[in-house]
Amino acid sequence: MANAVAEAGYMGSDASFANIYLLRKKYGTEIALQEGFLFRYYNGQGSRKGYAFPLGAEDPRAALALIVQDAAESGRPLEFCLVDEPRAQILRDYFGGQSAAERAEGAATEQIRFAENRGDSDYIYSAESLANLPGTTYRKKRNHISRFNRTYANYELREISQENVADALQVEKLWMNNGAEPCEPSCECEEAAWAERSEDEKSRIVEYCAIEEALQNFEALGMKGAILYVEGKPVGMTMASRIIPGVWDIHFEKVIDEYANNGGYAVINKMFAATLSGARLINREEDIGIEGLRKAKLSYYPLTILDKSHATVMQGGA
């Protein structure tokens with residue numbers, strides 16, 4: 001699977017092996033490896049519904065033909081989710097059969113439609129910039145770190161290992177409960193009880209369960225992570241995995257209580273980026289349409305924002 005993604009050169013967080021595995025229940029993800037291509041189908045909602053673009057080294061047209069065949073046989077709508085622009089262009093050419101001149105003139109009938117969801121866009125950064133925070137661009141981030149240094153004299157970042165897995169999970173429990181004494185979220189919810197929960201509560205529990213599973217399968221998923229300690233107390237944690245060589249994906253990053261308010265996120269972000277040996281780029285994933293999260297991600301000045309669209313093939317387009 002990793003080879004197919006690397007051969008395609010795709011840097012989207014959705015193609016990270018860890019994300020595919022950890023979010024398989026949330027999105028009802030189905031996967032297959034065939035003819036050197038990674039195929040995915042998402043049974044989620046909205047922009048998480050449909051086929052992902054097939055990833056591999058070869059010409060994707062044969063793989064797209066297999067998707068068309070599968071849609072016809074299964075009765076699924078022929079739609080594609082999380083499509084970046086280079087692959088969107090391939091879909092236009094494959095299903096539309098239009099030349100660039102025809103598209104520019106609007107002469108041909110539209111056979112595939114795209115809807116962009118800004119909340120699905122990945123924020124991709126220079127690993128060196130996140131690790132060093134150079135120049136005037138990152139002055140505010142360095143100020144946040146200075147505040148942390150003034151407030152807490154004794155802190156350190158430790159790599160996640162079998163010895164401190166419980167500390168990482170403890171941070172997530174405290175974060176879920178806004179610093180209150182953590183409860184024990186259940187990852188095995190009865191359907192009736194689950195239906196009564198708010199969407200925010202569901203989202204938090206799904207994330208907690210993904211973090212728990214990531215820690216249980218840390219090495220198998222190729223994860224790397226760290227815990228921020230102040231005076232020996234775990235107050236933050238982060239986890240990442242490699243998408244393709246040189247490109248890392250930050251899956252989780254949490255800091256609790258006063259430590260978050262006093263610059264903890266800037267501290268753990270910088271210190272952890274410096275530990276990612278061989279990293280050129282860091283994907284800090286999407287902002288899921290949350291304005292505060294979008295502002296925070298933009299404040300680190302991404303090298304690129306990887307926009308993704310949802311594509312629907314019109315009848316006759318296949």
Side-chain angles (χ1 to χ4, degrees), residues 6 11 13 16-19 122-165 167-172 175 211 214-215 218-219 221-256 259-287 293 296-306:
M11 299 186 295
S13 61
S16 138
F17 172 70
N19 264 345
D122 282 341
Y123 294 75
I124 300 176
Y125 306 82
S126 157
E128 183 179 3
S129 292
L130 292 189
N132 297 314
L133 301 178
T136 57
T137 300
Y138 293 101
R139 180 170 50 82
K140 289 184 178 179
K141 298 301 179 186
R142 295 197 302 273
N143 288 342
H144 292 162
I145 293 172
S146 294
R147 178 178 180 179
F148 199 86
N149 288 336
R150 291 193 305 271
T151 309
Y152 310 108
N154 184 16
Y155 69 89
E156 62 178 324
L157 194 73
R158 300 180 200 165
E159 186 176 354
I160 290 179
S161 65
Q162 288 300 317
E163 287 68 37
N164 61 9
V165 162
D167 289 345
L169 201 57
Q170 178 78 354
V171 169
E172 171 60 12
W175 183 88
I211 289 172
L215 291 166
F218 204 72
E219 291 185 11
L221 291 173
M223 304 291 287
K224 181 179 176 66
I227 301 171
L228 178 64
Y229 291 86
V230 175
E231 301 289 349
K233 172 186 174 181
V235 302
M237 71 89 179
T238 184
M239 284 191 275
S241 73
R242 191 181 282 111
I243 304 175
I244 60 176
V247 183
W248 284 80
D249 178 17
I250 305 295
H251 300 290
F252 311 108
E253 185 182 83
K254 301 294 176 67
V255 179
I256 60 170
Y259 308 99
N261 297 329
N262 288 323
Y265 277 105
V267 169
I268 198 170
N269 186 341
K270 180 182 187 298
M271 293 181 73
F272 186 59
T275 72
L276 298 178
S277 177
R280 294 181 297 103
L281 299 171
I282 294 178
N283 186 328
R284 291 184 59 81
E285 301 193 346
E286 63 272 59
D287 61 39
L293 193 54
K297 290 179 184 291
L298 288 171
S299 72
Y300 276 97
Y301 300 94
L303 277 181
T304 186
I305 296 176
L306 184 67

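Model, not experiment: these values are computed from the prediction.
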*When you look at Ile145 and Leu133, which way does the side-chain contact (heavy atoms from CB on, under 4.5 Å) test go after all the steps?*
CA-CA 10 Å; Ile145 293 172; Leu133 301 178; 3.5 Å; yes

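- Counting all heavy atoms, side chain and backbone alike, Ile243 lies closest to Met11 at CD1-O, 3.4 Å.
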*Verdict with reasoning, Asn164 to Tyr229, per side-chain contact (heavy atoms from CB on, under 4.5 Å)*: CA-CA 11 Å; Asn164 61 9; Tyr229 291 86; 3.4 Å; yes

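- Remark: Asp287 CG to Asp122 CG distance equals 10.0 Å, nearest 0.5 Å.
- No hydrogens or angles considered: a donor-acceptor pair under 3.5 Å links the side chains of Tyr155 and Asn149.
- Between Ile160 and Ala168, the shortest heavy-atom contact is CD1-CB, 4.1 Å.
- Leu221 CG to Asn19 CG: the interatomic distance, rounded to the nearest 0.5 Å, is 10.0 Å.
- Counting heavy atoms from C-beta outward, Phe272 and Ile250 have side chains that approach closer than 4.5 Å.
- Minimum heavy-atom separation, Pro234 to Ile256: O-CD1, 4.0 Å.
- Here the straight-line distance linking atom CG of Asn261 with atom CZ of Phe148 works out to 11.0 Å at 0.5 Å rounding.
- In the model, Asn283 has no side-chain atom that pairs as donor or acceptor with a side-chain atom of Ser13 under 3.5 Å.
- Residues Thr151 and Arg147 share a closest heavy-atom pair of OG1-O, 2.7 Å.
- Annotation: the span from Leu303 atom CG to Tyr125 atom OH amounts to 10.0 Å, rounded to 0.5 Å.
- Minimum heavy-atom separation, Arg242 to Trp248: NH2-CZ2, 3.3 Å.
- Atom NZ of Lys297 sits about 7.5 Å away from atom CD of Glu286, to the nearest 0.5 Å.
- The shortest side-chain heavy-atom distance between Phe218 and Met239 falls under the 4.5 Å cut-off.
- Counting only distance, with no hydrogens or angles, the side chain of Lys254 and the backbone of Val171 share no donor-acceptor pair below 3.5 Å.
- Put simply, CZ on Arg284 and NE2 on His251 are 12.0 Å apart, with the number rounded to the nearest 0.5 Å.
- Within the 4.5 Å cutoff, the side chain of Lys224 has heavy atoms near those of the Glu159 side chain.
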_Stepwise side-chain contact (heavy atoms from CB on, under 4.5 Å) check, Phe252 with Glu285_ = CA-CA 10 Å; Phe252 311 108; Glu285 301 193 346; over 6 Å; no

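- Ser241 approaches Ser16 most closely through the heavy-atom pair OG-OG, 3.6 Å.
- Of the N and O atoms on the side chains of Glu128 and Ser126, not one donor lies less than 3.5 Å from an acceptor on the other residue.
- By the 30° and 60° cut-offs, the orientation of the rings of Tyr138 relative to Tyr300 is tilted.
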_From CA spacing to verdict: side-chain contact (heavy atoms from CB on, under 4.5 Å), Lys141, Asn269_ = CA-CA 10 Å; Lys141 298 301 179 186; Asn269 186 341; over 6 Å; no

